[in-house]
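All residue numbers refer to positions in the sequence shown, counting from 1.
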Amino acid sequence: QVQVVESGGGLVQPGGSLKLSCAISGTTTDAFAMGWFRQAPGKEREGISCMRFNDGQIYIADSVKGRFTFSRGDAKNTISLQMNSLEPGDTAVYYCAADLVWPLITTAKDMCRSASWVDNWGQGMQVTVSS
């Protein structure tokens with residue numbers, strides 16, 4: 001059974017850092033794409049960073065650009081998100097997303113705009129930025 005396993009969430013003070021990690025287990029299939037989404041209470045889901053694996057194209061949302069860094073891990077089907085200079089507005093449930101079924105032709109930016117390409121989601125983890 002395929003599982004998308006996230007780790008690294010928690011409570012941090014404003015200006016602090018956290019690193020989120022995600023790994024896919026239960027399959028030998030190479031992912032076509034992976035990304036990070038978040039959803040704050042009362043707000044729509046936001047795609048914050050997405051990567052298309054065939055060519056390494058990466059998109060990072062303007063809301064986190066310069067503060068968050070998306071990385072693809074050396075291990076198969078792993079990604080991470082280094083989050084620096086965290087702000088209270090970053091408080092949300094963060095989700096790892098993966099495409100294991102269909103090769104993508106959409107851009108990494110469009111991947112983050114619409115989650116229609118996602119066929120596997122992590123369970124989500126809370127990130128709270130508060131003093």
Leu81 and Thr69, any side-chain heavy atoms less than 4.5 Å apart: no
If we ignore angles and hydrogens, is there a donor and acceptor under 3.5 Å between the side chains of Thr128 and Ser130? no
Look only at the side chain of Arg52 and the backbone of Ile58, and say whether a donor-acceptor pair between them is shorter than 3.5 Å. no
If I take atom CD1 from residue Ile24 and atom CG from residue Asn77, how far apart are they, to the nearest 0.5 angstrom? 4.5 Å
So does Ser131 get a backbone contact from the side chain of Gln13, meaning a donor-acceptor N/O pair under 3.5 Å? no
Pair listing, ring pair (Phe, Tyr, Trp, His ring centres under 6.0 Å) test, anchored in residues 3-32, at least two apart: none
d(Gln82 CD, Ser71 OG) to nearest 0.5 Å is 8.0 Å
State the CD-CD distance between Glu44 and Gln39, to the nearest 0.5 angstrom. 8.5 Å
Are any non-hydrogen side-chain atoms of Thr78 and Arg72 less than 4.5 angstrom apart? no
Just wondering, do Asp30 and Phe53 contact through their side chains at under 4.5 Å, heavy atoms? no
All N/O donor-acceptor pairs, side-chain side in residues 91-103, below 3.5 Å, sequence neighbours left out:
unit_1	atom_1	unit_2	atom_2	d
Thr91	OG1	Pro88	O	3.0
Thr91	OG1	Val129	N	2.9
Tyr94	OH	Arg38	NH1	2.9
Tyr94	OH	Asp90	O	2.6
Asp99	OD1	Val101	N	3.1
Asp99	OD1	Trp102	N	3.1

Please list all pairs passing the disulfide (SG to SG under 2.5 Å) test where one or both residues lie in residues 28-63, with sequence neighbours left out. Cys50-Cys112
Measuring centre to centre across the rings, with the benzene-like ring taken for any Trp, is Phe37 within less than 6.0 Å of Trp121? yes
Let me confirm one number: the OH-OG1 distance from Tyr59 to Thr107, rounded to the nearest 0.5 Å. 9.5 Å
Quick one: NZ on Lys76 to OG1 on Thr28, what's the gap to the nearest 0.5 Å? 5.5 Å
Just how far is it from atom OG of Ser63 to atom CZ of Phe68, taken to the nearest 0.5 Å? 7.5 Å
